[in-house]
Enquirer: 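To start, I am sharing the structure in question, which I have written as C-alpha cells.
Whatever order the structure lists them in is the order used to number ligands and atoms, beginning at 1. Every heavy atom of this structure was used, including side-chain atoms; hydrogens, water molecules and symmetry mates were not. Remember, predicted model here, so these are calculated numbers, not experimental data.
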Amino acid sequence: MTEPQPDPTEAAAHAPRDPDRLIRRAGLRGDPDQDQHFLVDDRVLDRIPGYLPDDADASHVLEVGAGTGALTDRLLRVADRVTVVERDTRLASFLREEFAADVEDGRLTVLEGDALELDLPDVTACVSNLPYGISSEITFRLLPRGIPLVLMFQKEFGERMAAEAGGDDYGRLSVSAQHYGDVEVVETVPKEAFDPAPAVESVVVRVTPRAPDYEVADEAFFLDFVKALFTQRRKTIRNGIRNTAHISGLSDPEAVVEAADEDLLRKRAGNVTPREFAALAALADEHGR
Ligand SMILES: C[S@@+](CC[C@H](N)C(=O)[O-])C[C@H]1O[C@@H](n2cnc3c(N)ncnc32)[C@H](O)[C@@H]1O
C-alpha cells in the first residue's frame with residue numbers, strides 16, 4: 001500500500017512566503033530614500049523571531065515598517081496577534097490584500113502611517129527590521145515600555161547600543177539603552193541579505209528588559225547627566241562636571257566635584273560604568289541641583 005502523499009498546495013500554503021515573490025507580487029522596487037530595504041534572505045528571516053527571549057510573551061507582537069510582509073509572515077507563525085505599521089500607502093494596501101485571511105480573523109492589524117506619529121498599541125514584544133531613519137527615535141520610545149525587542153539596525157548603531165564601558169563604541173547610547181535592559185548583538189547581517197542592498201552592514205539586536213542594578217531617583221536627570229558628560233568624553237569626569245552644568249542643569253557643579261570619589265573624578269566618561277554614572281547622578285542630585 002502506498003503512503004498518502006501530502007497535498008502539494010496545502011504544503012505550499014504552510015511554507016513561509018518567499019520574500020522575492022512577495023516583492024514581485026507587491027509590484028514595486030524598494031526605494032532607499034524611503035528606508036525601503038527588504039530582507040530577502042530566508043535563513044535570516046526564519047531566524048529573527050527565534051531571537052525573542054525564551055520566556056517572551058508573544059501574544060501581541062509589533063512590527064515597525066512591514067514592507068512587503070516577509071517578516072510579518074514569520075511573526076504570524078509565532079505570535080497570537082501581530083500589529084504592523086507601514087508608512088507607504090501602496091505597501092499598506094498590499095499587506096491588507098496579501099494577508100487578507102489574517103486581517104479578517106483579527107490576527108493581523110495593519111496601521112498605515114508614520115510610526116513616530118501614530119499611537120502605538122500596547123504590545124508584548126516588538127520585532128522589526130527598522131527603517132534606519134527612525135531607528136534611534138523609535139527605539140527610545142519602545143525601551144521604556146519594558147518589553148522584549150528584536151530589532152535590525154545599521155551595524156555601527158547596534159554595536160554602540162550594546163557596547164560595554166572601556167570599549168571604543170561605548171557612549172551615551174550604550175548607557176541609555178542598557179538602562180532599560182540587557183542589550184546584545186545576536187547576528188550580523190550582510191548587505192546582500194536586502195533588496196536593494198543598503199550602504200552598510202546591519203545587525204540584529206535583542207533587548208531583554210530588566211530593572212537596572214542601580215537606583216535612579218530621577219530618570220530624566222540621570223539621562224541628561226550622562227548625555228552632558230559624554231559631550232566631554234576626552235575630559236576627566238571632574239572637568240566634565242564643571243564644563244557641562246548648562247546641559248545637565250547643575251547649579252553648583254563644584255559641590256558635586258567636592259562630594260565625588262577622587263578615582264571616579266580622574267576617569268573619562270568612556271570608562272565609567274552605568275552603575276558609576278548612577279552613583280554620580282545621585283550625588284549631583286543631592287549636592288549640585
Ligand atoms: C527596512 S524596510 C523593512 C521591510 C520589511 N520589514 C522587511 O524586512 O523586508 C523598512 C520599512 O519601513 C517603512 N517605513 C519607513 N519609514 C517609516 C515610518 N516612519 N513609519 C512606518 N514605516 C516606515 C518603509 O516603507 C519600509 O517598508
Side-chain angles (χ1 to χ4, degrees), residues 16-52 61-79 82-99 102-103 108-121 123 125-142 149-158 186-206:
R17 283 170 169 85
D18 177 87
D20 294 306
R21 288 208 187 125
L22 279 170
I23 296 174
R24 279 203 292 279
R25 283 206 286 281
L28 52 85
R29 296 172 71 87
D31 175 359
D33 290 340
Q34 303 290 324
D35 278 340
Q36 290 172 349
H37 299 281
F38 305 127
L39 251 177
V40 288
D41 186 323
D42 288 289
R43 290 157 307 174
V44 177
L45 282 161
D46 292 345
R47 280 194 292 268
I48 289 178
Y51 290 127
L52 277 170
V61 175
L62 173 71
E63 183 190 0
V64 176
T68 56
L71 183 57
T72 315
D73 177 90
R74 272 72 179 172
L75 294 176
L76 283 164
R77 290 161 193 274
V78 300
V82 176
T83 293
V84 302
V85 185
E86 176 52 58
R87 186 177 62 176
D88 187 320
T89 309
R90 300 164 307 163
L91 287 168
S93 310
F94 171 72
L95 290 164
R96 286 194 201 98
E97 225 172 88
E98 175 71 28
F99 294 90
D102 298 294
V103 171
L108 177 65
T109 305
V110 179
L111 299 178
E112 186 178 325
D114 186 330
L116 295 178
E117 283 171 12
L118 292 172
D119 275 337
L120 299 177
V123 289
C126 178
V127 180
S128 307
N129 170 18
L130 289 176
Y132 291 150
I134 63 165
S135 293
S136 176
E137 206 165 339
I138 197 76
T139 302
F140 278 94
R141 287 187 194 197
L142 293 168
L149 310 175
V150 175
L151 304 173
M152 181 90 74
F153 293 108
Q154 286 186 323
K155 187 166 183 252
E156 197 220 342
F157 186 90
V186 290
E187 177 163 351
T188 301
V189 184
K191 300 173 200 176
E192 304 74 49
F194 301 87
D195 180 18
V200 292
E201 274 188 309
S202 300
V203 288
V204 180
V205 167
R206 167 173 52 213

Enquirer: Any nitrogen or oxygen of L39 lying under 3.5 Å from a nitrogen or oxygen in ligand 1? Just yes or no.
Expert: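 Min N/O separation from ligand 1 is below 3.5 Å for L39.
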Enquirer: Would L120 and V85 count as a side-chain contact (heavy atoms from CB on, under 4.5 Å) here? Give the steps.
Expert: CA-CA 9 Å; L120 299 177; V85 185; 3.9 Å; yes
Enquirer: Which protein heavy atom lies closest to atom 2 (S) of ligand 1, and at what distance to 0.1 Å?
Expert: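 It is D35 O, 3.4 Å.
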Enquirer: With under 30° as parallel and over 60° as perpendicular, where do the rings of H37 and F194 fit, or are they tilted in between?
Expert: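 Because their plane-to-plane angle is over 60°, the rings of H37 and F194 count as perpendicular.
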Enquirer: Quick check: does any side chain N or O of R206 sit under 3.5 Å from a backbone N or O of L149, one acting as donor and the other as acceptor?
Expert: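 Flag not set: sc R206 to bb L149 has no pair under 3.5 Å.
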Enquirer: Going by an N to O cut-off under 4.0 Å, is there a salt bridge joining R77 and D73?
Expert: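 A salt bridge is present here (some side-chain N lies under 4.0 Å from a carboxylate O).
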Enquirer: Hey, are E63 and S128 close enough side-chain-wise for a donor-acceptor pair under 3.5 Å?
Expert: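 No donor-acceptor contact under 3.5 Å links the two side chains.
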Enquirer: With a 4.0 Å cut-off on heavy atoms, is G133 in contact with ligand 1?
Expert: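 Per 4.0 Å heavy-atom rule, G133 does not contact ligand 1.
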Enquirer: What do we get for S128 next to ligand 1 when only non-hydrogen atoms under 4.0 Å count, side chain, backbone, both or neither?
Expert: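 None of S128 does.
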Enquirer: Is any side-chain N of the basic residue among E97 and R25 closer than 4.0 Å to the acidic one's carboxylate O?
Expert: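 Looking at R25 together with E97, the answer is no, because their closest N to O distance does not fall below 4.0 Å.
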Enquirer: Under 4.0 Å, counting heavy atoms only: does A66 come that close to any atom of ligand 1?
Expert: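 In this structure, A66 qualifies as a contact of ligand 1 - some heavy atom is under 4.0 Å.
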Enquirer: How does A115 reach ligand 1, by side chain, by backbone, by both or by neither, if only non-hydrogen atoms under 4.0 Å count?
Expert: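 The answer is both, backbone and side chain.
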Enquirer: Can you report which non-hydrogen protein atom sits closest to atom 6 (N) of ligand 1, along with the distance?
Expert: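 Answer for atom 6 (N) of ligand 1: G65 O, 2.8 Å.
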Enquirer: Tell me which protein heavy atom sits closest to atom 25 (O) of ligand 1, plus the residue, atom name and distance to 0.1 Å.
Expert: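 Result: E86 OE2, 2.6 Å.
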Enquirer: Can you find a non-hydrogen atom of T68 under 4.0 Å from ligand 1?
Expert: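 Per 4.0 Å heavy-atom rule, T68 does not contact ligand 1.
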Enquirer: Can an N or O of N129 be found at a distance shorter than 3.5 Å from an N or O of ligand 1?
Expert: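 In this structure, N129 places an N or O atom under 3.5 Å from an N or O of ligand 1.
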Enquirer: So, regarding E63 and ligand 1 (criterion: nitrogen or oxygen to nitrogen or oxygen, under 3.5 Å), is there a contact or not?
Expert: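 The answer is yes, given that E63 and ligand 1 share an N or O pair closer than 3.5 Å.
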Enquirer: Between R47 and D41, does at least one N-O distance fall below 4.0 Å, as a salt bridge requires?
Expert: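 Between D41 and R47 there is no salt bridge, as every charged N stays at least 4.0 Å from the carboxylate O atoms.
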Enquirer: Evaluate the side-chain proximity of M152 to V203: yes if any heavy-atom separation is below 4.5 Å, no if none is.
Expert: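 Side-chain contact under 4.5 Å: no.
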Enquirer: Is the shortest N/O to N/O distance between I134 and ligand 1 below 3.5 Å?
Expert: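 I134 vs ligand 1: no N/O contact under 3.5 Å.
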Enquirer: I'd like to know if the side chain of Q36 reaches the main chain of D31, judged simply by a donor and an acceptor atom lying under 3.5 Å from each other, with no hydrogens or angles considered.
Expert: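 Side chain of Q36 to backbone of D31, a donor-acceptor pair under 3.5 Å: yes, one is there.
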Enquirer: Nearest non-hydrogen atom to atom 22 (N) of ligand 1 belongs to which of H37, E137, R87?
Expert: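 Closest candidate by heavy-atom distance is R87.
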Enquirer: Are the side chain of E86 and the backbone N or O of A66 linked by a donor-acceptor pair below 3.5 Å?
Expert: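 Indeed, once roles are kept as given, a pair shorter than 3.5 Å links the two residues.
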Enquirer: Would you say ligand 1 has an N or O under 3.5 Å from any N or O of D88?
Expert: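 Not met; the criterion fails.
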Enquirer: In the protein, what heavy atom is nearest to atom 19 (N) of ligand 1, and what distance, to one decimal place, separates them?
Expert: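 Nearest neighbour among protein heavy atoms for atom 19 (N) of ligand 1, to 0.1 Å: D114 OD1, 3.0 Å.
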Enquirer: If you measure every N or O of L91 against every N or O of ligand 1, does any of those distances drop under 3.5 Å?
Expert: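 It does not: no N or O of L91 is found under 3.5 Å from an N or O of ligand 1.
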